[in-house]
Participant: 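Take a look at the following structure, please.
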Amino acid sequence: MGIEATDGDAARLCASCGICCDGSLFGRVDLETDAIETARKKKLRVVAGGRAFEQPCSAHAGAHGAERACAIYDERPRACRKFVCRLLARHEREGGALEPRLLAVRRTRELLAEVQAMSPEQARKSAAFAELTRRLEEDFARA
Ligand code: SF4
Ligand code: SF4
């Protein structure tokens with residue numbers, strides 16, 4: 001969502017990620033009243049009488065097996081424009097090599113897949129769940 005990236009590196013990071021669009025972090029995203037019509041036109045899955053849309057987001061290109069990016073980028077809702085995760089914020093603040101950030105995304109996606117394949121009981125006791133919880137907090141919470 002925070003694909004508000006101003007430089008090419010940050011845009012690449014978000015395009016490789018989509019964790020804030022695919023349902024990994026959020027079940028629903030708030031919609032403001034003036035955004036409902038566009039959201040409906042763009043076929044977001046609007047719920048709660050227009051107060052929110054559901055994730056995994058139908059505009060998330062990763063949902064269609066393509067690159068992970070927003071298909072309605074220029075018209076995405078305000079909540080999407082405002083979300084910036086800690087990993088992206090750190091990169092924008094500190095700069096440096098992009099590769100370690102891309103690796104953090106890759107590792108988190110691996111852990112998400114691993115944990116989703118487990119039963120809730122197995123997941124709770126697993127090292128993968130502990131690492132995933134730490135990474136989500138350190139890198140993907142709102143900055
Ligand atoms: S509208 Fe775009 S930025 Fe917002 S959740 Fe969907 S894919 Fe992500
Ligand atoms: S979770 Fe962070 S890095 Fe990933 S798409 Fe969202 S803002 Fe970009």
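Because the structure is a prediction, the values reported are computed rather than measured.
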Participant: First locate atom CZ of Phe129, then atom CG of Leu111, and finally report the distance between them rounded to the nearest 0.5 Å.
Facilitator: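 If I round to the nearest 0.5 Å, the distance is 11.5 Å.
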Participant: Counting only heavy atoms not in Glu121, do more than 12 sit closer than 6.0 Å to its CD atom?
Facilitator: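 No.
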Participant: May I ask you to test the Pro120-Arg124 pair for a side-chain heavy-atom distance under 4.5 Å?
Facilitator: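 Sidechains of Arg124 and Pro120: in contact.
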Participant: To the nearest 0.5 Å, what is the distance between NE2 on His91 and CG on Asp9?
Facilitator: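 It is 4.0 Å, given to the nearest 0.5 Å.
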Participant: Can you measure from CZ (Phe140) to CG (Leu25) and round to the nearest 0.5 angstrom?
Facilitator: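 One finds 7.5 Å between CZ of Phe140 and CG of Leu25.
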Participant: For Ser24, check side-chain hydrogen bond (donor to acceptor under 3.5 Å, both in side chains) against everything at least two apart and list the hits.
Facilitator: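 Checked Ser24 against side-chain hydrogen bond (donor to acceptor under 3.5 Å, both in side chains); matches are Asp22.
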Participant: Is any side-chain heavy atom of Ile19 less than 4.5 Å from a side-chain heavy atom of Cys85?
Facilitator: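 Side-chain contact under 4.5 Å: no.
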Participant: Provide the closest heavy-atom pair for Met118 versus Ala128 in the form atom of the first, atom of the second, distance.
Facilitator: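 Where Met118 meets Ala128 most closely, the heavy atoms are CE-CB, 4.3 Å.
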Participant: Mind checking side chain to side chain contact (heavy atoms under 4.5 Å, CB included) for Ala104 and listing every partner two or more places apart, or none if nothing turns up?
Facilitator: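 Listed in chain order: Leu87, Arg135, Asp139.
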Participant: So which atom in Leu44 and which in Ser58 form the shortest heavy-atom distance, rounded to 0.1 Å?
Facilitator: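 Closest heavy-atom pair between Leu44 and Ser58: CA-OG, 3.4 Å.
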Participant: Could you pull out all residues at least two apart from Lys41 that satisfy salt bridge (Lys or Arg N to Asp or Glu O under 4.0 Å)?
Facilitator: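 For Lys41, the residues satisfying salt bridge (Lys or Arg N to Asp or Glu O under 4.0 Å) (neighbours in sequence not counted) are Glu37.
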Participant: So, the side chain of Arg101 versus the backbone of Leu88: is there a donor-acceptor pair under 3.5 Å, distance only?
Facilitator: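 Checking the backbone N and O of Leu88 against the side chain of Arg101, no donor-acceptor pair under 3.5 Å is found.
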Participant: Hey, what do you get for OG1 (Thr38) to CZ (Arg76), rounding to the nearest 0.5 Å?
Facilitator: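 Those atoms lie 13.5 Å apart.
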Participant: Any sub-3.5 Å donor-acceptor pair from Glu75's side-chain atoms to Ile72's backbone N or O?
Facilitator: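 Checking the backbone N and O of Ile72 against the side chain of Glu75, no donor-acceptor pair under 3.5 Å is found.
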Participant: Kindly determine whether Phe83 and Val29 satisfy side chain to side chain contact (heavy atoms under 4.5 Å, CB included), including the steps that lead there.
Facilitator: CA-CA 10 Å; Phe83 181 80; Val29 178; over 6 Å; no
Participant: Identify the two heavy atoms, one from Cys20 and one from Phe26, that lie closest to each other, and give their separation to 0.1 Å.
Facilitator: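 Looking at all heavy atoms of both residues, the shortest contact is O-CD1, 3.6 Å.
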Participant: Under the side-chain hydrogen bond (donor to acceptor under 3.5 Å, both in side chains) rule, collect the residues that match up with Arg45, sequence neighbours excluded.
Facilitator: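 Result, side-chain hydrogen bond (donor to acceptor under 3.5 Å, both in side chains) vs Arg45: Glu54.
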Participant: Start with the C-alpha gap between Tyr73 and Cys14, add the side-chain angles, then the distance that decides, and say whether side chain to side chain contact (heavy atoms under 4.5 Å, CB included) holds.
Facilitator: CA-CA 12 Å; Tyr73 180 72; Cys14 288; over 6 Å; no
Participant: Which residues pass the side-chain hydrogen bond (donor to acceptor under 3.5 Å, both in side chains) test with Arg107, sequence neighbours left out?
Facilitator: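 For Arg107, the residues satisfying side-chain hydrogen bond (donor to acceptor under 3.5 Å, both in side chains) (neighbours in sequence not counted) are Glu110, Glu131.
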Participant: Please determine whether the number of non-hydrogen atoms from other residues, nucleotides or ligands lying under 6.0 Å from atom CZ of Arg51 exceeds 12.
Facilitator: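 No, CZ of Arg51 has 12 or fewer neighbouring heavy atoms, counting only those of other groups under 6.0 Å.
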Participant: Please report the interatomic distance NZ(Lys42) to SG(Cys70), rounded to the nearest 0.5 Å.
Facilitator: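 It comes to 10.0 Å.
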Participant: Taking all heavy atoms of Ser16 and all of Arg109, pick out the closest pair and write down the distance.
Facilitator: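 Here Ser16 and Arg109 meet closest at O-CD, 4.4 Å.
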Participant: Can you name the residues that form a side-chain hydrogen bond (donor to acceptor under 3.5 Å, both in side chains) with Arg86, not counting sequence neighbours?
Facilitator: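 So Arg86 forms a side-chain hydrogen bond (donor to acceptor under 3.5 Å, both in side chains) with Glu137.
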Participant: Going through the checks in order, is the side chain to side chain contact (heavy atoms under 4.5 Å, CB included) test met by Leu132 and Glu114?
Facilitator: CA-CA 10 Å; Leu132 177 61; Glu114 214 177 302; over 6 Å; no
